[in-house]
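Got a structure here, written out as structure tokens. Questions coming.
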There are 2 protein chains.
Amino acid sequence: MDKQSQLKAFRIGITQFVTFSDTEWEIFTTYLSFSSLNKKEHFAVEGKVCDYMAFITRGAVRYYHIKDGQEITGYFSFENELMSAYKSFVKRTPNRNYIQALEETELVMISYQHLQQMLNHPLLALKMERFGRLIAEYYICCYEDRVTAFITQSPEERYTALEKTAGDIFQRVPQHFIANFLGITPVSLSRIRKRTLLQH
Amino acid sequence: MDKQSQLKAFRIGITQFVTFSDTEWEIFTTYLSFSSLNKKEHFAVEGKVCDYMAFITRGAVRYYHIKDGQEITGYFSFENELMSAYKSFVKRTPNRNYIQALEETELVMISYQHLQQMLNHPLLALKMERFGRLIAEYYICCYEDRVTAFITQSPEERYTALEKTAGDIFQRVPQHFIANFLGITPVSLSRIRKRTLLQH
DNA sequence: AGAAAACGTTAACAAAAGATAATGAATACA
DNA sequence: TGTATTCATTATCTTTTGTTAACGTTTTCT
């Protein structure tokens with residue numbers, strides 16, 4: 001995808017948070033950069049401070065931890081979504097997980113340095129503070145729902161809910177990654193799927 | 001506690017996010033109000049939009065959902081912490097859970113309306129946007145850790161971690177609430193405690 | 001002070017999940 | 001194209017959790 005199309009997609013994608021005037025957008029875009037990831041390439045790795053947040057114009061990534069030598073996938077992001085090792089990015093602390101491309105992925109990126117510059121730029125500061133706030137609030141709401149699911153639902157209920165709200169994820173992501181995401185083992189997810197199928 | 005002491009505690013409590021100059025603080029405090037909750041009194045209830053966020057100067061609250069007629073406790077907040085039905089507050093949507101005082105609790109409160117006024121106040125806007133952003137970022141980091149715990153740890157590991165980092169919570173909150181918080185039943189938590197005790 | 005409610009533990013049983021291994025199918029890759 | 005990997009399913013066995021109920025203690029409330 002050419003850069004103009006990517007920028008256009010980015011501009012549309014963030015209207016849920018903030019809308020820039022043409023002048024503001026002109027300034028804003030001078031702080032952006034572009035990148036792409038081959039399949040299995042990493043956007044963030046454990047132990048390093050994550051210096052970028054990115055908007056995915058094409059592709060998909062997974063977030064995973066390593067525990068006892070095992071990879072455990074905790075989350076996914078797809079095209080038209082923002083991505084970052086949030087905690088590491090905002091707190092400037094070493095990242096504790098990995099972000100890896102599941103497919104060939106294209107990104108529009110903002111570096112931490114450029115973000116700080118924008119937060120100090122008289123014409124952008126207020127809007128960028130708001131942008132940051134609204135992004136964070138958006139993700140808080142996502143997290144709230146996710147934690148609620150872990151607290152109030154059984155693995156089977158979480159699976160059924162996912163199937164209903166984002167069933168197409170099963171066509172795009174290996175099932176054992178989704179199992180981790182649901183907080184269970186791949187074997188267990190396979191059993192749940194069989195169980196819930198037989199009930200119909 | 002008298003209002004001056006509460007304000008002082010509030011001002012100190014939020015230095016982790018933002019520091020106000022004396023002039024700013026003077027303006028800021030005109031937007032605040034005070035309240036208290038008797039034990040078992042609710043700060044927020046299901047179905048109503050939450051109109052306040054609050055700083056707890058004394059006391060403790062629990063957040064709970066009702067599922068199949070059963071209360072399920074998802075979180076706690078204590079003195080010197082912020083509290084709100086965040087999603088409902090920022091999105092102006094009906095709240096889907098309850099927040100109830102566990103003890104006699106005292107609050108410094110900001111209404112949604114006043115917050116909006118501050119966000120439009122020329123002398124406060126930028127700082128309030130930043131305040132909001134940093135609060136949201138703080139809670140995102142908390143949530144990130146919590147979800148990671150559900151994904152990567154067993155109930156027993158989550159219990160052990162809680163015992164280590166906030167063991168005093170057991171002196172303050174009924175155990176069956178903590179069980180819910182850990183994502184398990186009270187019976188199961190009782191067994192885990194016995195198990196981990198016998199290992200020493 | 002006395003009755004009622006809330007709470008933590010334990011037991012017994014059922015249901016679900018974890019661990020490990022084997023199998024066959026699909027996919028990736030050289 | 002052919003080989004190696006990856007992947008989902010299934011089976012077996014063990015461990016853990018959920019469910020329900022009983023019991024005694026503590027706390028709450030009038």
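The figures here come from the full heavy-atom set of this structure, side chains too, leaving out hydrogens, waters and symmetry mates. Residue numbers begin at 1 in each chain, while the letters A, B, ... track the order of the sequences. Nothing here was measured: the structure is a model prediction, and the numbers come from that model.
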From the options D:dC7, C:dA19, D:dG18, select the nucleotide whose nearest atom is closest to the side chain of A:R191.
C:dA19
So which one's nearest nucleotide on DNA chain C is more toward 5', B:F177 or B:V187?
B:F177
Distance test, side-chain N/O of B:H176 to OP1/OP2 of C:dA6, below 4.0 Å
no
Say whether A:Q6 and A:R58, considering side chains only, have a donor N or O and an acceptor N or O under 3.5 Å apart.
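No - no donor-acceptor pair under 3.5 Å links their side chains.
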Grab the CD-P distance between B:Q70 and D:dT20 for me, whole Å please.
9 Å
Can a salt bridge be assigned to the pair A:E103 and A:K39 using a cut-off of 4.0 Å between side-chain N and carboxylate O?
no
Counting side-chain heavy atoms from C-beta on, which of C:dC7, C:dT9, D:dT10 comes nearest to B:P174?
C:dC7
Between D:dT17, D:dT9, D:dT28, spot the one nearest the side chain of B:R195, thanks.
D:dT17
How close or far is atom P of C:dG18 from atom CD1 of A:I72, stated in whole angstroms?
11 Å
OP1 or OP2 of D:dG18 less than 4.0 angstrom from a side-chain nitrogen or oxygen of B:T185, does that happen here?
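Result: yes.
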note: A:K194, atom NZ; C:dA16, atom C1'; distance rounded to Å ~ 15 Å
Taking the side chain of B:S188 as heavy atoms from C-beta outward, which of D:dT10, C:dT10, D:dT17 is closest to it?
D:dT17
Between A:R133 and A:E129, is the closest basic N to carboxylate O distance under 4.0 Å?
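Result for this pair is no, no salt bridge flagged.
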The answer to which of B:P186 and B:K40 contacts DNA chain C further toward the 5' end, by nearest nucleotide, is B:K40
Nearest-Å distance, CG (A:N180) to C1' (C:dG18)?
13 Å
Which part of the nucleic acid, if any, lies within reach of B:I184 when heavy atoms closer than 4.0 Å are counted: base, sugar-phosphate only, or nothing?
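Counting heavy atoms under 4.0 Å across all strands, the contact made by B:I184 is with sugar-phosphate only.
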Roughly, in whole Å, what's the span from NZ in A:K39 to P in D:dT6?
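Roughly 12 Å, once rounded to whole Å.
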Looking at B:Q175, does any N or O in its side chain come under 4.0 Å of the phosphate oxygens OP1/OP2 on C:dT9?
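For C:dT9, OP1 or OP2 has a side-chain N or O of B:Q175 closer than 4.0 Å.
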Side-chain donor-acceptor pair under 3.5 Å between B:S77 and B:Y63, yes or no?
yes
Are B:R92 and B:Y112 close enough that a side-chain donor and a side-chain acceptor fall under 3.5 Å?
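No, B:Y112 and B:R92 have no side-chain donor paired with an acceptor closer than 3.5 Å.
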Between D:dT17 (C1') and B:F150 (CZ): distance, integer Å:
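My rounded result for the distance is 15 Å.
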Let me know the distance between CZ of B:R158 and P of D:dT16, rounded to the nearest Å.
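In whole Å, D:dT16 P and B:R158 CZ are 14 Å from each other.
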Rounding to a whole Å, what distance do you find between B:L197:CG and C:dG8:P?
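These atoms are roughly 15 Å apart.
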